[in-house]
2 protein chains.
Amino acid sequence: MNGRCGRKAQGWRGLGCGRRMTAPREAIYQALSEMAGHPSADEVFQKVRAGRPGIGLATVYRNLELLRNGGHIRLVDAGDGKAHFELNHAAGGGGHHHHLICRRCGSVVDYMDFEREELELISKLEKHLSRKYGHQITDHDISFYGLCQKCAAQGSKR
Amino acid sequence: MNGRCGRKAQGWRGLGCGRRMTAPREAIYQALSEMAGHPSADEVFQKVRAGRPGIGLATVYRNLELLRNGGHIRLVDAGDGKAHFELNHAAGGGGHHHHLICRRCGSVVDYMDFEREELELISKLEKHLSRKYGHQITDHDISFYGLCQKCAAQGSKR
DNA sequence: AATGATAATGATAATTGTTATCAATAGGCG
DNA sequence: CGCCTATTGATAACAATTATCATTATCATT
């Protein structure tokens, strides 16, 4: 469904993030939403470029940053020096998850195995930290690092 | 105390991480251990340089990477595009903590406010994920993002 | 303690992800 | 429809990190 919004800035919560609603911006969000996993900025660029050859790389960076500030997408650190992105379903309650990251090959597995327990602890912590340190918490990242099955099997040589 | 080890590679668990034990490597670890907070690679470089003018930046990068792989130090993502480091006290049980990171100014607050509860959940999760996905988990990162008190006070303009 | 194979270093070039610049363009309120 | 200005696209600039390579230092073996 394309029509998340007709194509108007639509207040301060829409894709426009309070700015003008532009075709490139929509295309970038659209592209990311159609991609599996956690594409890097460049991968998003390639994808958008496919249906919109004139797009500029800088525009992709700018909008990913904007969408992130607007809370629509989320940044994932795969430890490979590039920024990776994914849709932020956290708010909508759609598909919030945490990560399992391989230190050797950089693969990222999403997991949702945390039950109510984990969610409860998180929101409790969030509230507590918020009060104690005066931070305005908007987001969190929980990741486990190590070796994926494949890399672990290769032995820990070199 | 300097003498974490006389100055020999000392097996595969020492600072040498299974490689040759060198003075630069020791100096780099030493420097990091004397620094507060979460210095960047360059900050570590500057500090080491003070007592060892000939040190090369590449050597610092190489050894930080090595020490990280060896589990002696830990990487912190402050979201400012640079890698930051801290001693890994996780194993030793010394001062393990999690982070509260400001998205605007990049400041990082360590907190240890999680009680037994949090630790229990983590180790439970670690075990569960390890079994389910075949990952060999060695490490985790729990960070809350948002605005620190100061930045939040400045309003969310711009 | 001297030797020698080779891992590690230091200086620097190269690479790479990201950001700044700026003229041209397009969004959307009047 | 027309204007104001945010946004774009192309590209230069930037900064952090990595690769290269001749030289030096470590340390197992003698």
Side-chain angles (χ1 to χ4, degrees), chain A residues 5-12 14-29 31 38-46 48-49 51-70 75-85 106 157-158, chain B residues 5-12 14-29 31 38-46 48-49 51-70 75-85 106 157-158:
Chain A
C5 63
R7 267 304 293 301
K8 275 269 184 64
Q10 189 186 42
W12 309 101
L15 269 193
C17 306
R19 328 291 281 266
R20 289 182 182 167
M21 190 36 155
T22 66
R25 181 164 306 152
E26 192 172 3
I28 287 162
Y29 181 86
H38 316 80
S40 65
D42 189 67
E43 288 170 328
V44 174
F45 173 55
Q46 299 304 336
V48 177
R49 190 183 233 178
R52 177 173 272 272
I55 191 87
L57 176 58
T59 301
V60 172
Y61 274 100
R62 274 188 296 243
N63 280 299
L64 287 175
E65 164 72 5
L66 196 76
L67 289 166
R68 190 168 73 78
N69 279 342
L75 190 153
V76 181
D77 173 30
D80 64 351
K82 307 178 210 173
H84 293 249
F85 299 88
K157 62 193 166 202
R158 223 264 83 147
Chain B
C5 63
R7 268 305 296 301
K8 274 271 185 61
Q10 189 187 41
W12 310 100
L15 270 192
C17 306
R19 327 292 281 268
R20 289 180 182 169
M21 191 35 152
T22 67
R25 180 165 307 151
E26 192 172 3
I28 288 163
Y29 180 86
H38 315 81
S40 65
D42 190 66
E43 288 169 327
V44 174
F45 174 55
Q46 300 303 338
V48 177
R49 191 183 231 179
R52 178 171 271 272
I55 191 88
L57 176 58
T59 300
V60 172
Y61 273 101
R62 273 188 296 242
N63 280 298
L64 287 174
E65 164 73 7
L66 196 76
L67 289 166
R68 190 170 73 79
N69 280 341
L75 190 152
V76 180
D77 174 30
D80 64 350
K82 308 177 211 175
H84 293 249
F85 299 88
K157 63 196 167 201
R158 211 263 94 138

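Note: hydrogens, waters and symmetry copies are ignored here, and every other heavy atom, side chains too, is used. Keep in mind the model is a prediction, meaning the values are calculated, not measured. Here is the naming used below: chain letters follow the sequence lines, and residue numbers restart at 1 for every chain.
In this structure, B:Leu75 places its CG atom 15 Å from P of D:dA16, rounding to the nearest Å. The distance between atom CD1 of B:Ile55 and atom P of D:dT24, rounded to the nearest whole Å, is 16 Å. As rounded to whole Å, 14 Å separates atom P of C:dT12 from atom CZ of B:Arg62. Between the CZ atom of B:Arg19 and the C1' atom of D:dA28 there is a distance of 17 Å, given to the nearest Å. Separating the CD atom of A:Glu26 from the C1' atom of C:dG27 is a distance of 13 Å, rounded to the nearest angstrom. Atom-to-atom, CG of B:Asn69 to C1' of C:dA8 comes out at 16 Å; the value is rounded to the nearest Å. Between the C1' atom of C:dA8 and the CG atom of B:Leu66 lies a distance of 10 Å, rounded to the nearest Å. One atom, NZ of A:Lys82, and another, P of C:dT16, lie 10 Å apart when rounded to the nearest Å.
The base-pairing partner of C:dT16, taking Watson-Crick or G-U wobble contacts with both distances under 3.5 Å, is D:dA15. Taking a pair to require two hydrogen-bonding distances under 3.5 Å in either a Watson-Crick or a G-U wobble arrangement, D:dT29 pairs with C:dA2.
Between B:Ser40 and D:dA16 there is no side-chain polar atom (N or O) within less than 4.0 angstrom of OP1 or OP2. Contact annotation: B:Asn63 side-chain N/O to C:dT9 OP1/OP2 distance is under 4.0 Å. Phosphate contact (OP1/OP2 of C:dG10, side-chain N/O of B:Thr59, threshold under 4.0 Å): present. OP1 or OP2 of C:dA26 has not a single side-chain nitrogen or oxygen of A:Arg20 nearer than 4.0 Å.
Along DNA chain C, the nucleotide closest to A:Asp80 and the one closest to B:Leu57 are compared, and the more 5′ of them pairs with B:Leu57. Nearest-nucleotide mapping onto DNA chain D: of B:Pro24 and B:Ala83, the residue sitting toward the 5' end is B:Ala83.
A:Arg25 comes within 4.0 angstrom of the backbone, heavy atoms only, and of no base.
In this structure, the side chains of B:His84 and B:Pro39 stay at 4.5 Å or more apart for every pair of heavy atoms.
No option in A:Asn63, A:Ile28, A:Ile55, A:Leu57 other than A:Ile28 meets the side chain to side chain contact (heavy atoms under 4.5 Å, CB included) test with A:Val44.
Side-chain atoms of A:Arg52 stay outside donor-acceptor range of the base of D:dG9, with no qualifying N/O pair under 3.5 Å.
Between A:Glu65 and A:Arg68 a salt bridge is recorded (basic side-chain N to carboxylate O distance below 4.0 Å).
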For this session: Verify side chain to side chain contact (heavy atoms under 4.5 Å, CB included) between A:Arg25 and A:Leu66, making sure each step is shown before the conclusion.
Result: CA-CA 9 Å; A:Arg25 181 164 306 152; A:Leu66 196 76; 3.3 Å; yes

For this session: Assess whether side chain to side chain contact (heavy atoms under 4.5 Å, CB included) is satisfied between A:Asp42 and A:Lys82, documenting all intermediate values.
Result: CA-CA 9 Å; A:Asp42 189 67; A:Lys82 307 178 210 173; over 6 Å; no

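Distance from the side chain of A:Tyr61 is smallest for C:dT18 among the nucleotides D:dT17, C:dA26, C:dT18.
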